[in-house]
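Single-structure report; data block below.
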Amino acid sequence: MHARAVAATTTALLGTTAFLPPSFDARTDAATDRPTVIAHRGASAYAPENTLAAVDKAAELGIDWVENDVQRTKDGELVVLHDDSLRRTTDVEQVFPGRAPWKVKDFTTAEIARLDAGSWFGATYAGARVPTLDQYVRRVELHHQKLLLEIKNPDLYPGIEGQTLKVLSNEGWLDQDHVVDRLIVQSFSAAGVRRVHELKPGVRTGFLGRPPVSALAEYATFADQINPSYSTISTGYVAAVQAFTGPHGRPLEVFAWTVNTASTARLVAGYGVDGIITNAPDVVRDALSSS
């Protein structure tokens, strides 16, 4: 892989401030040319996913980047949870037995705050809560980490793109330091990614999935990254993505998910990806360091 260099600058308006981003390489160690390691839902192999404990564990392991997922509650607050149902990762069935199918959108923030989001993972984490987005980004900030934020289900939650950006702004995450070096917003919804880009052009964005090569020119108008499942890519596909220039004047990047073994990490790194998203970030980091 080649190191990233800035091409011609593009005007990236964030509120009323124009940012001309300096040279940026998403890699944790550009000098060694290894892919960035991103802790998927926090260090979710070791702590309950998308909880503050998972952020803390990633920090303990020395991982700079964490990934999370954002849903919206009945009363319009943003919470960090992967599924659109509370059933898999909380005790909602016991606390609210008559409210199947236990969708996030059918519960208030106060009701969700009552739920245990840790016991399913292990007794050590009993009592862990589903964090709100503002609580989550404050914990990431506490550790001076970086955030790959996934907006879930924009079709289910109209306006969630703007609302997410507002929370990020309120928490100080849309200043130059964060936008240039510490924040990427992604989604499986191309329309959602485009909307984020339209609302805040300075924010780097990623599309989750594997568009055909014939569609990449269009994606490059609003996405800085193409982030597919590792099982769907090859050296040729990664090179094809990186041949396009994104909205901030730099080659498109590829963050591949979800890689949890050393052998797969070495395989995927060999494709030339820019980042690897993993539940076990220490395993991937150590595999890349020894390869």
Aromatic ring pairing His178/Trp173, orientation class (parallel under 30°, perpendicular over 60°, tilted between):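 Judged by the thresholds at 30° and 60°, the geometry between His178 and Trp173 is tilted.
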
[atom1]-[atom2] distance between [X] and [Y], expressed to the nearest 0.5 angstrom:
X      : Y      : atom1 : atom2 : value
Leu61  : Tyr46  : CG    : OH    : 6.5 Å
Asp282 : Lys57  : CG    : NZ    : 8.0 Å
Asp69  : Leu133 : CG    : CG    : 11.0 Å
Asn68  : Leu149 : CG    : CG    : 4.5 Å
Leu78  : Asp134 : CG    : CG    : 8.5 Å
Phe255 : Asn227 : CZ    : CG    : 6.5 Å

Side chain [X], main chain [Y], donor-acceptor under 3.5 Å:
X      : Y      : value
Ser290 : Ala287 : yes
Glu198 : Phe222 : no
Ser187 : Ile151 : yes
Gln71  : Asp83  : yes
Trp102 : Phe96  : yes
Arg204 : Gly202 : no
Arg129 : Leu115 : yes
Trp120 : Thr89  : yes
Ser169 : Leu165 : no

Side chain to side chain contact (heavy atoms under 4.5 Å, CB included) between Thr232 and Arg210, intermediate numbers included: CA-CA 7 Å; Thr232 68; Arg210 186 193 184 281; 3.5 Å; yes

[Y] side chain reached by [X] side chain, heavy atoms, under 4.5 Å:
X      : Y      : answer
Pro281 : His40  : no
Thr90  : Asp116 : no
Ser289 : Arg34  : yes
Thr245 : Pro251 : no
His197 : Pro247 : yes
Thr258 : Asn279 : yes
Ile276 : Val37  : no
Val70  : Tyr136 : no

Working for side chain to side chain contact (heavy atoms under 4.5 Å, CB included), residues Val268 and Thr264: CA-CA 6 Å; Val268 174; Thr264 305; 4.0 Å; yes

Indicate the atoms forming the closest heavy-atom contact of [X] with [Y], along with that distance.
X      : Y      : value
Thr51  : Ala128 : CG2-CB, 4.5 Å
Ser189 : Pro154 : CB-CG, 3.8 Å
Arg139 : Asp56  : NH1-OD2, 2.7 Å
Leu81  : Ser85  : CD2-O, 3.8 Å
Val66  : Ala58  : CG1-CB, 3.7 Å
Val80  : Asn50  : CG1-OD1, 3.4 Å

Salt bridge present between [X] and [Y] (N-O < 4.0 angstrom):
X      : Y      : value
Arg72  : Glu77  : no
Glu150 : Lys152 : yes
Arg88  : Glu49  : yes
Glu161 : Arg195 : no
Lys105 : Asp84  : no
Glu111 : Arg99  : yes
Asp64  : Lys146 : no

Result of checking Lys166, Arg182, Arg138 against Glu171 for salt bridge (Lys or Arg N to Asp or Glu O under 4.0 Å):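 Of Lys166, Arg182, Arg138, salt bridge (Lys or Arg N to Asp or Glu O under 4.0 Å) with Glu171 is met by Arg138 alone.
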
Full working for side chain to side chain contact (heavy atoms under 4.5 Å, CB included) between Trp65 and Ile184: CA-CA 10 Å; Trp65 281 89; Ile184 302 166; 3.7 Å; yes

Treating Ile, Leu, Val, Met, Phe, Trp and Tyr as nodes and any side-chain heavy-atom pair under 4.5 angstrom as an edge, say whether [X] and [Y] lie in one connected cluster.
X      : Y      : answer
Leu183 : Val55  : yes
Tyr125 : Val130 : no
Leu142 : Val140 : no
Leu288 : Ile233 : yes
Val104 : Leu156 : yes

Qualifying residue, where the test is side chain to side chain contact (heavy atoms under 4.5 Å, CB included) with Val193 and the options are Leu208, Asp224, Thr205: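 The passing option is Thr205.
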
Between [X] and [Y], a side-chain donor and acceptor under 3.5 Å:
X      : Y      : value
Gln242 : Asp274 : yes
Asn260 : Thr278 : yes
Arg41  : His82  : yes
Ser231 : Ser229 : yes
Thr73  : Thr109 : yes

Donor-acceptor pairs are to be reported for all side-chain atoms of residues 211-219 against protein atoms at under 3.5 Å, with residues two or more places apart or in another chain.
unit_1: Glu218; atom_1: OE2; unit_2: Arg194; atom_2: NH1; d: 3.4
unit_1: Glu218; atom_1: OE2; unit_2: Arg194; atom_2: NH2; d: 2.5

Aromatic contact, Phe207 with Phe188 (centres under 6.0 Å):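 Ring centres of Phe188 and Phe207 not closer than 6.0 Å.
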
